[in-house]
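Here is the structure we will look at.
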Amino acid sequence: MPELPEVEVCRLGLEPELLGAEIRAATVRQPRLRHELPASLPATLAGQQIVAVRRRGKYLLLDCQRGKEVGSLIIHLGMSGNLRFVPLDQAPGKHDHVDLVFAGQILRFADPRRFGAVVWYAGAQVERHPLLAVLGVEPLSDDFTADWLAAANARRSGPIKPVLMDGHLVVGIGNIYASESLFRAGISPLRAANRISRQRYELLVPAIRQTLADAIAAGGSSIRDYVHSDGGAGCFQIQAGVYDRAGQPCLRCGGPIRQIRQAGRSTYYCPACQR
DNA sequence: CGTTACCCCTGGAGGC
DNA sequence: TGCCTCCAGGGGTAAC
């Protein structure tokens with residue numbers, strides 16, 4: 001479900017509610033997520049004040065403080081996770097695994113497939129956590145340039161699409177936006193990463209930036225009192241040029257969109273427009 | 001080192 | 001109605 005734009009929209013929705021708020025209590029109903037939650041987590045979280053709401057790749061970071069002690073709650077939504085605010089008395093559903101209880105509401109983490117994660121990092125530099133330390137550059141930062149990407153891919157002979165999805169290189173680009181960005185740049189998802197010219201990387205990098213930024217803008221415009229990661233029927237997918245459009249006409253040339261499988265994931269592209 | 005296959009898990013869709 | 005298969009926006013690990 002969530003790629004970088006969805007997580008960023010989630011962060012934008014959380015920030016005004018959580019900044020400065022105190023976690024009164026925490027409830028864990030299902031500790032078996034991607035990483036098993038320690039039994040001590042509720043006690044660790046109780047009394048923490050949230051001092052920052054950040055994002056790194058597809059991870060949400062809630063920086064916390066309790067007296068002199070600092071730490072961060074690392075949250076990943078996996079494929080099917082979502083966070084929403086619910087009333088204090090709302091009964092939990094089947095897949096509502098973790099609650100953060102605040103004075104007037106509960107922030108509830110639900111995740112049917114349990115690929116998501118809730119991890120505590122004790123200390124001031126959460127970036128040093130093993131999950132975060134290995135992450136690549138932020139695609140919306142100044143570090144993400146055509147020069148850098150071309151150099152990073154100089155020895156990669158595999159197809160570009162799975163490379164874009166490798167978070168050790170560049171974070172946040174998931175299966176939808178990898179296809180969408182390549183369509184926007186006119187580059188075939190099958191093209192070897194090291195056989196893309198510098199000039200075409202000059203197209204690809206802005207295409208990725210624009211695709212992600214557009215999605216954030218589309219999602220950010222509909223934030224309310226909850227954090228929606230429901231992209232399925234939501235605003236994110238409406239503008240898809242190729243994703244999930246197999247057999248339908250290309251919006252640029254009218255030819256049929258093709259669906260293939262790369263590294264176990266579906267890829268969509270226009271064989272006429274993308275070379 | 002780069003690349004791929006498989007696995008984690010549940011639910012929805014579609015075929016029979 | 002049930003059962004089966006396949007698919008799903010992520011990512012870690014093992015193996016080639």
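Convention: sequence-line order gives letters A, B, ...; per-chain numbering from 1.
A:L4 comes within contact range of no nucleotide atom at all, as no heavy-atom separation falls under 4.0 Å. Residue contacts shown for A:G264 are absent, as no nucleic acid heavy atom lies under 4.0 Å away.
Rounded to an integer number of Å, the gap from A:L33 CG to C:dG11 C1' is 14 Å. Between the NE2 atom of A:H97 and the P atom of B:dC8 there is a distance of 17 Å, given to the nearest Å. Here the P atom of nucleotide C:dG10 and the CZ atom of A:R113 are 10 Å apart, to the nearest Å. Between the P atom of C:dC7 and the CZ atom of A:R265 lies a distance of 13 Å, rounded to the nearest Å. Nucleotide B:dC9 holds its C1' atom 15 Å from the NE2 atom of A:H76, rounded to whole Å. The nearest whole Å value for the distance from the CG atom in A:L169 to the P atom in B:dG2 is 9 Å. Whole-Å rounding puts the A:I176 CD1 to C:dG10 C1' distance at 12 Å. A straight line from CZ of A:F115 to P of B:dC7 spans 12 Å, rounded to a whole angstrom.
Using a 4.5 Å cut-off on side-chain heavy atoms (C-beta onward), A:F109 and A:L33 make contact.
Nearer to the 5' terminus of DNA chain B, by closest-nucleotide assignment, is the contact made by A:V163 (compared with the other of A:P112 and A:V163).
Here the straight-line distance linking atom CG of A:D143 with atom CG of A:L149 works out to 12.5 Å at 0.5 Å rounding.
For A:R55 (side chain) and A:G57 (main-chain N/O), a donor-acceptor pair under 3.5 Å exists by modelled atom type. Distance alone, capped at 3.5 Å, places no donor-acceptor pair between the A:R245 side chain and the A:Y268 backbone. For A:S72 (side chain) and A:V126 (main-chain N/O), no donor-acceptor pair under 3.5 Å exists by modelled atom type. Remark: the backbone N or O of A:F183 is paired with a side-chain donor or acceptor of A:R252 at under 3.5 angstrom. A distance-only check finds a donor-acceptor pair linking the side chain of A:Q262 to the backbone of A:P189 [under 3.5 Å].
Of the candidate nucleotides C:dC7, C:dG10, C:dG12, C:dG12 has the atom nearest to the side chain of A:L131. Closest to the side chain of A:Y243, out of B:dT3, B:dG11, C:dG9, is C:dG9.
A cation-pi arrangement is absent between A:R128 and A:Y121 under the rule of less than 6.0 angstrom and at most 45 degrees off the ring axis.
Nucleotides B:dC7 and C:dT5 have their P atoms positioned 15 Å apart, rounded to a whole Å. With P as the reference atom, C:dC6 and B:dC6 are 13 Å apart, rounded to whole Å.
Remark: the A:E6 side chain and the C:dG9 base include a donor-acceptor N/O pair separated by less than 3.5 Å.
Applying the 4.0 Å criterion to OP1 and OP2 of C:dG9, one finds that A:K58 has every side-chain N and O outside that range. The shortest distance between the side-chain N/O atoms of A:S80 and the OP1/OP2 oxygens of C:dG9 is not below 4.0 Å. Put simply, A:R156 has a side-chain N or O that comes within less than 4.0 Å of OP1 or OP2 on B:dT3. Taking only side-chain nitrogens and oxygens, A:Y177 never comes nearer than 4.0 Å to OP1 or OP2 of C:dG9. Side-chain nitrogen and oxygen atoms of A:H95 include at least one within less than 4.0 Å of the OP1 or OP2 phosphate oxygen of B:dG11.
Salt-bridge annotation for A:D214 and A:R184: present, with a side-chain N of the basic residue lying under 4.0 Å from a carboxylate O of the acidic one.
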Show each protein N/O and nucleotides 14-16 of chain C N/O combination with a separation under 3.5 Å, one pair to a line.
none

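Paired with A:P5 under the rule side-chain contact (heavy atoms from CB on, under 4.5 Å), one option of A:T211, A:I216, A:I173 passes, and it is A:I216. The salt bridge (charged side-chain N to carboxylate O under 4.0 Å, His left out) test with A:E138 is passed by exactly one of A:R209, A:R56, A:R54: A:R56.
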message: In dot-bracket form, 5' to 3', how is DNA chain B paired? Count Watson-Crick and G-U wobble pairs only if both distances fall under 3.5 Å, and write | where the partner sits on another strand.
response: .|||||||.|||||||

